[in-house]
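For clarity, every value in this text was computed on a predicted model and none was experimentally measured. For ligands, and for the atoms within them, numbers begin at 1 and follow the listed sequence.
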Amino acid sequence: MKNPDEPGVFEKSIEEKVIHPGGDFTAQSLVKDDYLYALAAKDPLAFWAGMAESINWSKRWEQVLDGSGAPFYRWFTGGELNASANCLDRHVLGGRKDKAALIFEGENGERVSFTYAELHKEVERLGCALRKLGVKKGDGVTIWMPMIPEGIIAMLACARIGAVHSVVFGGFSAEALKTRILDAGSKVLITADGSFRRGKKMPLKSEADRVLPECPTLEKVVIVERTALPYQRVEGRDVLYRQIMAEAGDPCPPETMKADDPLFILYSSGTTGKPKGILHGTGGYMVGVTTTFRYVFDYREDDVYWCTADIGWITGHSYIVYGPLSCGATVFIYEGAPDYPARDRFWELIEKYKVTVFYTAPTAIRSFMRWGDSLPAGRDLSSLRLLGSVGEPINPEAWLWYHEIIGGGRCPVVDTWWQTETGMIIITSLPGVTPMKPGSATRPFPGVEAGVVDEEGNPAAANQKGYLVLKSPWPAMFNTLYRDDKRYREAYWEQFPGLYFTGDGAWRDEDGYFWIMGRVDDVLNVSGHRIGTMEVESALVDHPAVAEAAVIGKSHAIKGHAIIAFVTLREGFAPGEPLLRELKDHVVKKIGALARPEQIHFASELPKTRSGKIMRRLLRDIAENRALGDTTTLMDSQVVASIREKFSEP
Ligand code: PRX
């Protein structure tokens, strides 16, 4: 764990501004005053019990929270429900059957939309088809898809039949897919022939085929035809989505799930080379995401809501699929990149679909800023009423630009801090109520308790930098790490006994506002994507030329962090441009393009402590071009000097 007071690790150079939500917005918003905060503060469990009323339970729960097995908390014990029935059936029965549930625009401009009744039908069909393929409650299904409606249909179909989905981001490599299929023991893979990205076709199925023979649990592969890219059909294993849908019947009655039965696994990076399988349950998760979606995005029946995340990330799970659909919202999704075919693509889509609520990441906002104000100015963005930010700290400058230029100064910005593990938004403002401070995620959501502690776990004083912790359980919390209860305890609950450790550094100001500084562990945030330094290091040492590797994050104006690697080579390998390219490609092959190192530096040795641990913080100091921190434990100071010399070479 890094010391959050390490010089230069975090910047606290914020000129503080307070922006109050506008009168018009507040007058029309769901929450107009502090009552929700007050209600939750009085009795958090009673608050969550009340919120659980907005979920359809086929059997009512008996106990809100069972902490007897802490830190394995169980929410809404005794309750039974189905997540897909909450997202679909109740709206079909309850007056939203002809309301648009999902509106999709493809990169090449095609448009497909589904009413709640239509989406329900598709999900039932796929649910039936998967059952016919032999998928049963508790089985694992991996989904590796572009951002197309079939991805969402696949998630909901799994939820319907009680299969545990594991969505793997389409930008991960086939090798990363393999690791995740193996870990989850998935029986079925749902994928596409390929995806469109900036006018190019990117293969998926043919890539998957390189690794699927090494996945012994996998019985069937379902293929969505999207791009007409070629691939081999494996007889008996591969089936076409189109065909199984045509042959499937409906109805497909939803499986009854206990509140803590698993809904999905989502792999996320941690501090070791192996991604963590974050396992989410059903009841608490649905209560958490439904409640936070409704209040944080101030849900209105006529909203057109657009979250630009991919379903491969937790934001896609909680705030494209389960939260919004459970509330009966109209969700817009877009397949492509923000700069294709032109850099005003997102603004064009907001204008075209009259998007009212827009939720994106700071890295995108910083790119938009760089592309210039004239692009959004050229489009009609007057439909927008609320903006959201997620995934990394947003610098006040980007926040203010977003508020002024995209939101026209009239839309509150909700900066939402949360994690794959938390499942739901944890720290944020309530848009009609909470005064905003650009750069601060503001206050814990009602019913959630967060704090900042020092190294010993004692509460930090106001404005003192420390570690961000959650002080009590929250409903959408993960159940555990898949098949690794031990790592669950160690990684999250043992650092500060009785507290959940988030891995983030933060401070809290005198008004109780949280300022998040970023990760204090060996996890990087590159363009809002979480990448473990150890994962990249493992990928590098997997290459025959590499003896040792150390990976660090260097501040980057757009991406937040850029990946910088230092490697030492084995005997017989020479540094040089061709090897550099090869190593970068090797990381892409092992993990995916999102982990491609921005720079790789060859070194004859890496700086180590006398006990042989690589001192990454010194490498960070070198990369950030600042004075070296404490070097007293360094084994050989010459090593650092020579790396620094080489690093500063043009
Ligand atoms: O460091 C925090 C950062 O993203 C981490 C969680 O990453 P992941 O599990 O991939 O989930 C991202 C989407 C919820 C956190 O530990 N983070 C996320 N949101 C914010 C943030 N940092 C500052 N401000 C935020 N709003």
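Both the backbone and the side chain of Gln419 come within 4.0 Å of ligand 1, counting heavy atoms alone. Only the side chain of Asp504 comes within 4.0 Å of ligand 1, counting heavy atoms alone; its backbone N, CA, C and O stay farther away. Within the 4.0 Å heavy-atom criterion, neither part of Ala441 lies near ligand 1. Of the heavy atoms in Asn525, only side-chain atoms (C-beta onward) come closer than 4.0 Å to ligand 1.
For an aromatic pair to be called close, the ring centres must be under 6.0 Å apart, and Trp48 with Phe76 fails this. For Tyr488 and Phe478, the distance between ring centers is under 6.0 angstrom. Ring centers of Trp306 and Phe346: under 6.0 Å apart, within the cut-off.
The only member of Arg530, Lys465, Arg519 that meets salt bridge (Lys or Arg N to Asp or Glu O under 4.0 Å) when paired with Asp504 is Arg519.
Any N or O atom pair closer than 3.5 Å counts here, and Gly391 shares at least one such pair with ligand 1. Taking only nitrogen or oxygen atoms, main chain and side chain alike, Ser389 does not reach within less than 3.5 Å of ligand 1.
Using a 4.0 Å cut-off to heavy atoms of Val390, the atoms of ligand 1 that qualify are 13 (C), 14 (C). Contact atoms of ligand 1 toward Arg530: 6 (C), 7 (O), 8 (P), 9 (O), 10 (O) (distance under 4.0 Å to a heavy atom of the residue). Listed by number with element, the atoms of ligand 1 under 4.0 angstrom from any heavy atom of Thr416 are 19 (N), 20 (C), 25 (C), 26 (N). Less than 4.0 angstrom separates some heavy atom of Ile516 from each of these atoms of ligand 1: 22 (N), 23 (C).
In terms of protein heavy atoms, atom 24 (N) of ligand 1 is closest to Glu392 O, 3.3 Å. What sits closest to atom 6 (C) of ligand 1 on the protein, heavy atoms only, is Trp418 O, 3.7 Å. For atom 13 (C) of ligand 1, the nearest protein heavy atom (residue, atom name, distance) is Thr315 OG1, 3.4 Å. Distance from atom 23 (C) of ligand 1 to its nearest protein heavy atom, with residue and atom name: Pro393 N, 3.1 Å.
With hydrogens and angles left out, the side-chain atoms of Ser429 and Thr434 include no donor and acceptor closer than 3.5 Å. Side-chain atoms of Thr292 and Tyr319 form a donor-acceptor pair, as typed in the model, at a separation below 3.5 Å. Side chains of Asp261 and Thr282: no donor on one and acceptor on the other come within 3.5 Å.
Heavy-atom proximity to atom 11 (O) of ligand 1, evaluated over Thr420, Val414, Ile427, is greatest for Thr420.
No donor-acceptor distance shorter than 3.5 angstrom exists from the side chain of Trp515 to the backbone of Asp509, with no hydrogens or angles considered. In this structure, the side chain of His280 engages the main chain of Thr420 through a donor-acceptor pair within 3.5 Å. Ser166 contributes no side-chain N or O that, together with a main-chain N or O of Leu266, makes up a donor-acceptor pair within less than 3.5 Å.
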